[in-house]
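Remember, predicted model here, so these are calculated numbers, not experimental data. Just so it is clear: chains get the letters A, B, ... in the order the sequence lines come, proteins before strands, and each one is counted from 1.
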Amino acid sequence: MEDFKKIEEKWQDFWKKNPSMYHAEDNSDIDFEIPNNLKFILVDAHKCLIDFDKWKLNDKLYEYLNNLSVPKIVVTNTSKIDEVKKLLTGDKWEVFSLKDNPNKYDSKYFELLKEKYAFKVDEVAYIDHDDKNLESAKKIGIEKLFKYEFKNKKYILVEFPYPSGTGLHIGHAFSFTGGDVYARFKRMQGFNVMFPMGWDAFGLPTENYAIKMKRKPQEVTKENTDMFRSQMKKLAFSFDWKREVNTTDPTYYKWTQWIFIQLFNKGLAYKKEMPINWCPSCKIGLANEEVVDGKCERCGAEVSRRNISQWVVKITDYADKLIDGLEETNFIEKVKQAQINWIGKSEGAKVKFLISNDKFLNKKEYLEVFTTRPDTLFGATFMVIAPEHPIVSDLIRNPPVDKSTSSLEKGGNISPLHQGEMSKGQRGFEIEDYVKSARGKSELERTELSKNKTGVFSGLYAINPVNNKEIPIWISDFVLASYGTGAIMSVPAHDERDFEFAKKFGLEIIPVIQPKEKHDFEKEAYTDVDNGEIINSPPINGMVPAEAFEKMIKWLEEKKIGEATASYHLRDWIFSRQHYWGEPIPMVDCPKCGWVPEKEENLPIVLPEVEAYEPTDDGLSPLSRIESFTKCQCPKCGGDAKRETDTMPNWAGSDWYFLRYMDPHNDAVIASQELMKYWGPVDVYIGGDEHNVLHLLYSRFIYKFLWDLGVVPKDQVEPYYKRISHGVILGPDNQRMSKSKGNVIVPEDVSEKYGVDVVRMYLMFMGPFDSTMAWNENTLMGVKRFLDRFEKYINLNTGNDIASSKETKVIINKLIKGVTDDLESFKYNTAIAKMMEALNKISNDECLISNEDMKTLIKLLAPFAPYITEELYSLFDKQSIHIADWPVADEKYLVDDEIKIMISINGKVRGELIVASTEQDNKDMLIQKAKELEKIKTWIGDKKIVKEIYIPGRMINFVILLEQ
RNA sequence: GCCGCUGUGGUGAAAUUGGUAUACACGCAAGACUUAAAAUCUUGUGCUCUCAAAAAGCGUGUGGGUUCGACCCCCGCCAGCGGCACCA
């Protein structure tokens, strides 16, 4: 049977000719003019002036009417008049509500209105979305009638793909089908659906491929996106191609660059020497994503670090906002948690320790640390600073002379305190050696060797402010320069790492928390914050740690030695990439003015088309070799200057793409306020788990930044209302699909073999949308069988239009409700199961079915199987099924005439009772009936019934005393 | 180590959120059609006991608890998956 191919071709052709089917219409313009000399303007509330689902005004119509001096009367049936009034400002508005009959489609309504406000029919205009209402207004003689409908929007977004050379993979097909089903469902429900698609096309694979094939990345991208687009069309994704965006399009990245300039202007982008991952074999800087297990993703060489001056974006300024904003979203807990963890806020204190070596310093100098445990300050017996700490370079140049010996030679055996003289030079070399070796270590080594602590004594001492004890300052690479202040106070008794370090180098361990149970402080640190009592800390002894924490912070703040503060796991965002295929960073380095942003009117800074894209040996971007690009004038002083040659990371273009879909062709602004107000926020954002942290966080950050600038609407604090993360499709062998394993399923191949509808539907039927599942062709055949049977059933029953039996009505209406509810909550697998069940029932029982009910069946299937349903629907209707109305269940068929009540004894089901549903509240009668059942009688026998429980409409439970 | 998730038939999985556990589908078995196979259709299918049926008992990783009643709620353990990880 190759029928499906013909059907697919036929309807693909049809959809191609009717692209507007899937176009999202912007909130419709007001194309009428209402005279300003009337007595009143009557305006309908529902679906016209007010969106009652969200309790929001239709700004467009509201503004238009506000500009007219005529008094306005809002006519509505709602009982919440006060809430409607709250939405309307100014004295030109009144609300008229009749919550009981007559309704607006009865002209009596307008008679009453006319009476109340004493107007003549030619003194008013009436605006409504509904023809019936307009007609009844006309009946009483109103002539100035205007139709205006406010359609509720649904912005359904799927993550746009990176158009790789291998084409659409099964993960894309899965994700996009999930979005497409929802989009089609909502479109049929009458929503103004925006379901856009675009390309996140900058990136290394294309660059590498272009280098290898000696071609232009621009051309390669064009080919790949063309291929992706045609594959998507085959799979019948109902994207609005009118809104297609491409991150590599200069008219698009103009705005990516514009955002960067705003970041710079607000002081959120700065240049900094930062270590980057350097592959010594490829001679290239690598992004973190390209480093796998400390090795270069491509060549496998061990990655080292190199300092390069980079653009860094201060995302950390938004850390708290990014945590707090999550409250406004409807993300699943898992995603919220992941983001919170990534930001990693910890509350604690900054504390200043005075450095006591007056030989080293001739002025007072403090070492500041961050600690989450100020309650353990009395147990701080030494300090440790990172090798990259700014003080270290001073130490190498001018090492302090003191009484201790070398710590490297003697290892952990000797306390460094007061151990005799050491020459100035020796100490300097020792520190220098250690710092060098730490810096030379790869990230991998530095973390892998974590159990084995290394370090060197700095020769410095500090004064612990709580007890004025002199404690040594060490240098060790287990302290990270990038977290907190790059220096810590060490409390070896209560921190594992400090403990290991103290053990290795023979440093003092003073317990300051007494555990409730026996604890050997020579063996391990005691780290439980919640249990124990403070000791050895005179002013706070006897307190619990939490109380001591508060006390110490107060004390520190009073004495001005420290203050409460928070530290974040989140780091500032390294924004420079030394690659060709990315957005050029629109900055200019002027010898006179320093870093100056390009003038906004000169944007975009277009990526020059060049012959060679290979990275340079020195780790600079390939663009640095193109003199015509680098040479420029300073936008500020006009003098000769040099253009930045780094490009932006992949995230830059994907951070804000959802905004561009709302207004893709605007070249004056990123997107117009008006359109963002209408379309935003994204109602549902579907994407992979792998983007739940970084992409979502970066994107939310940029959005919040734009919000602060006033670029995006004020009342939309978060960009995405809901996030759905889909699962992963594994190969038939239950392994992640990969070329090397040979278990890759290509959507194009399988849909060629079984048909697009079968593949789409199977993907949705496999299991819950968010779970990980293995591809299984057997189960796919089950779906195919269903679709064949479905098709056969409809074809067999068309012809004479007969009335449906009651049984059919009940099945169909329950199905409508079930499928609608399931689609609403993305339970695609059970929605399909319900359709299978319904078809089995009506076809096995040979239920009588009307054409109308068959149409309903086809409609329910339409979001999943767009081709077959379009074909079957054409037997009944000329209109495309995909813009037909979604069926609504008739309540009267949803309640059963008869209900089954389970009878249980001591919680075990022993029988059942079938009664008319009208009797379900008659508890006494039902219990009596249950007792009379033969089976129940024998079970109860002469035992005593202790309790009788009735769950209305469900079950009866008798609790009886069992004999011993 | 930390955070999150998951555990139900031979398999993918359902269960109105505390009220008939295993819907739907796959697989398997038997049968029909066929010279035969594929396809299709029909019937059966959690386990134990039984030739079979009835009846009964046992069953949602595991041990407890709460409840008339627990896959669902609470406490403890076990196993697996994903992410992060020297973050002071």
Side-chain angles (χ1 to χ4, degrees), chain A residues 1 332-338 340-342 344-346 348 369-373 376 380 383-384 386 446-453 476-480 482-491 494-498 500-501 527 567-571 689-690 692-693 727-728 734 762 765-768 770-783 785-786 788-789 792 817-818 821 827 829-840 844 900-912 935 938 945-960:
Chain A
M1 271 230 296
I332 47 170
E333 207 43 44
K334 167 177 141 182
V335 177
K336 286 188 185 179
Q337 264 316 318
I340 289 170
N341 289 344
W342 186 263
K345 183 177 185 174
S346 32
V369 300
F370 171 74
T371 177
T372 54
R373 302 292 306 275
T376 62
M383 302 179 84
V384 188
R446 235 168 124 158
T447 50
E448 277 249 312
L449 299 171
S450 65
K451 274 137 223 153
N452 195 6
K453 298 269 180 297
S476 173
D477 63 5
F478 84 86
V479 173
L480 306 174
S482 48
Y483 185 77
T485 61
I488 61 164
M489 64 173 212
S490 277
V491 186
H494 303 290
D495 181 282
E496 275 173 40
R497 296 149 303 171
D498 295 351
E500 277 168 35
F501 196 83
T527 55
S567 205
Y568 301 88
H569 177 168
L570 181 73
R571 304 291 153 80
D689 270 337
E690 71 274 21
N692 281 344
V693 178
V728 180
N734 228 328
Y762 166 61
F765 182 61
M766 290 173 87
D770 58 2
S771 73
T772 302
M773 298 153 298
W775 182 265
N776 180 344
E777 220 120 308
N778 279 327
T779 310
L780 178 143
M781 289 310 294
V783 174
R785 256 171 241 154
F786 165 72
D788 287 346
R789 237 178 301 168
K792 209 184 277 172
K817 180 156 194 329
D821 290 351
K827 287 164 148 182
N829 54 334
T830 52
I832 294 171
K834 277 170 189 152
M835 286 190 275
M836 289 173 165
E837 206 177 352
L839 180 72
N840 289 347
N844 289 347
K900 192 154 76 167
I901 292 170
M902 305 313 293
I903 319 294
S904 65
I905 289 168
N906 290 353
K908 292 249 177 219
V909 176
R910 298 299 180 191
E912 61 184 51
K935 235 179 131 183
T938 48
I945 297 174
V946 188
K947 216 169 176 183
E948 291 164 351
I949 295 155
Y950 175 58
I951 310 296
R954 284 191 186 276
M955 68 164 13
I956 291 170
N957 190 19
F958 294 114
V959 184
I960 61 170

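Among A/Asp477, A/Asp498, A/Ile488, the single residue meeting the side chain to side chain contact (heavy atoms under 4.5 Å, CB included) criterion with A/Val384 is A/Ile488.
Ranking B/C24, B/C68, B/C26 by closeness to the A/Glu837 side chain, first place goes to B/C24. Checking B/U20, B/C26, B/G4 against every side-chain atom of A/Lys334, the shortest atom distance belongs to B/G4. Candidate nucleotides B/A15, B/A23, B/G69 were compared by shortest atom distance to the side chain of A/Ala833, and B/A23 ranks first. Side-chain proximity of A/Ile488 to the nucleotides B/A14, B/A88, B/A25 is greatest for B/A88. Across B/C86, B/A88, B/A14, the shortest atom-to-atom separation from the side chain of A/Lys453 is found for B/C86.
Mapping A/Lys900 and A/Met766 onto RNA chain B by nearest heavy atom places A/Met766 closer to the 5' end of the strand. Between A/Gln337 and A/Phe370, it is A/Gln337 whose nearest contact on RNA chain B lies nearer the 5' terminus.
If you take CD1 of A/Ile903 and P of B/G19, they are 17 Å apart, rounded to a whole angstrom. A/Tyr483 has its OH atom 18 Å from the P atom of B/C84, to the nearest Å. Protein atom CD1 of A/Ile956 is 14 Å distant from nucleotide atom P of B/U20, rounded to whole Å. When the C1' atom of B/G19 is taken as reference, atom CD1 of A/Ile905 falls 16 Å away, rounded to whole Å. Across the protein-nucleic acid pair, A/Met489 atom CE and B/C86 atom P stand 20 Å apart, rounded to whole Å. When the P atom of B/A14 is taken as reference, atom CG of A/Asn840 falls 19 Å away, rounded to whole Å. When the P atom of B/C86 is taken as reference, atom CG of A/Leu480 falls 7 Å away, rounded to whole Å. Atom CZ of A/Arg954 and atom C1' of B/U16 are 6 Å apart (whole Å).
Applying the 4.0 Å criterion to OP1 and OP2 of B/G27, one finds that A/Asn778 has a side-chain N or O inside that range. When the side-chain nitrogen and oxygen atoms of A/Asn829 are compared with OP1 and OP2 of B/A14, one or more of them lie within a distance under 4.0 Å. Look at A/Ser346 and you'll find a side-chain N or O under 4.0 angstrom from OP1 or OP2 of B/A88.
The two residues A/Val693 and A/Ala338 make their nearest non-hydrogen contact at CG2-CB, 3.7 Å. Closest heavy-atom contact between A/Met383 and A/Val369: CE-CG1, 3.4 Å. Of all heavy-atom pairs spanning A/Met766 and A/Ala774, the tightest one is CE-O, 3.3 Å. Nearest approach of A/Val959 to A/Asn906, heavy atoms of both residues: CA-OD1, 3.2 Å. The heavy-atom pair separating A/Ser346 from A/Tyr483 by the smallest distance is OG-OH, 3.0 Å. Residues A/Asn957 and A/Ser904 share a closest heavy-atom pair of OD1-OG, 2.9 Å.
Looking at heavy-atom distances under 4.0 Å, A/Met836 makes contact with sugar-phosphate atoms alone, never a base. Among the atoms of the strands shown, none is found under 4.0 Å from any heavy atom of A/Asp495. At the heavy-atom level, A/Val946 lies nowhere under 4.0 Å from the strands shown. Using a 4.0 Å heavy-atom distance criterion, A/Asn692 is classed as making no nucleic acid contact.
Within the 4.5 Å cutoff, the side chain of A/Met781 has no heavy atoms near those of the A/Tyr762 side chain. Looking at heavy atoms from C-beta onward, A/Val491 lies out of side-chain contact with A/Thr371 at the 4.5 angstrom threshold. No side-chain heavy atom of A/Val783 sits less than 4.5 Å from a side-chain heavy atom of A/Leu780. The shortest side-chain heavy-atom distance between A/Arg789 and A/Leu839 falls under the 4.5 Å cut-off. Residues A/Phe501 and A/Ser476 form a side-chain contact, since some pair of their non-hydrogen atoms from C-beta on lies under 4.5 Å apart.
No donor-acceptor pair closer than 3.5 Å links the side chain of A/Lys453 to the backbone N or O of A/Phe478.
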Pairs under 3.5 angstrom, nitrogen or oxygen only, protein versus nucleotides 39-47 of chain B, please.
from  : atom 1 : to       : atom 2 : distance (Å)
B/U40 : OP1    : A/Arg785 : NE     : 3.2

Contact list (N/O, under 3.5 angstrom) for nucleotides 53-60 of chain B vs protein:
from  : atom 1 : to       : atom 2 : distance (Å)
B/G57 : OP1    : A/Arg910 : NH2    : 3.3
B/G57 : OP2    : A/Arg910 : NH1    : 3.2

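Look at the C1' atom in both B/C41 and B/A53: the space between them is 28 Å, to the nearest Å. Distance noted for atom C1' between B/A85 and B/C3: 10 Å (whole Å). Nucleotides B/C72 and B/A21 place their P atoms 14 Å apart, quoted to the nearest Å. B/G59 and B/G65: their P atoms are spaced 14 Å apart (whole Å). When the C1' atom is compared between B/C51 and B/C58, the two are found 23 Å apart, to the nearest whole Å. For B/C74 and B/U66, the C1' atoms lie 7 Å apart once the distance is rounded to whole Å. Nucleotides B/G9 and B/A29, compared at atom C1', are 16 Å apart to the nearest Å. Taking atom P in both B/C26 and B/U34, one finds a spacing of 25 Å when rounded to whole Å.
A syn base is found at B/U17: its glycosidic angle is within 90° of 0. In this structure, B/G9 is classed as syn because its glycosidic torsion stays within 90° of zero.
For the atom pair CH2 (A/Trp342) and CZ (A/Arg571), the distance works out to 9.5 Å, reported to the nearest 0.5 Å.
One cannot find a donor-acceptor pair under 3.5 Å joining the base of B/C3 and the side-chain atoms of A/Asn341.
Stem regions annotated for RNA chain B: B:1-7 with B:78-84, B:10-12 with B:24-26, B:27-32 with B:40-45, B:46-48 with B:56-58, B:61-65 with B:73-77, counting only runs of 3 or more consecutive pairs of Watson-Crick or G-U type with both contacts under 3.5 Å.
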(message) What verdict does the salt bridge (Lys or Arg N to Asp or Glu O under 4.0 Å) test give for A/Lys817 and A/Asp821, after you've listed the backbone C-alpha separation in whole Å, the side-chain angles of each residue and the deciding distance to 0.1 Å?
(response) CA-CA 6 Å; A/Lys817 180 156 194 329; A/Asp821 290 351; 2.8 Å; yes
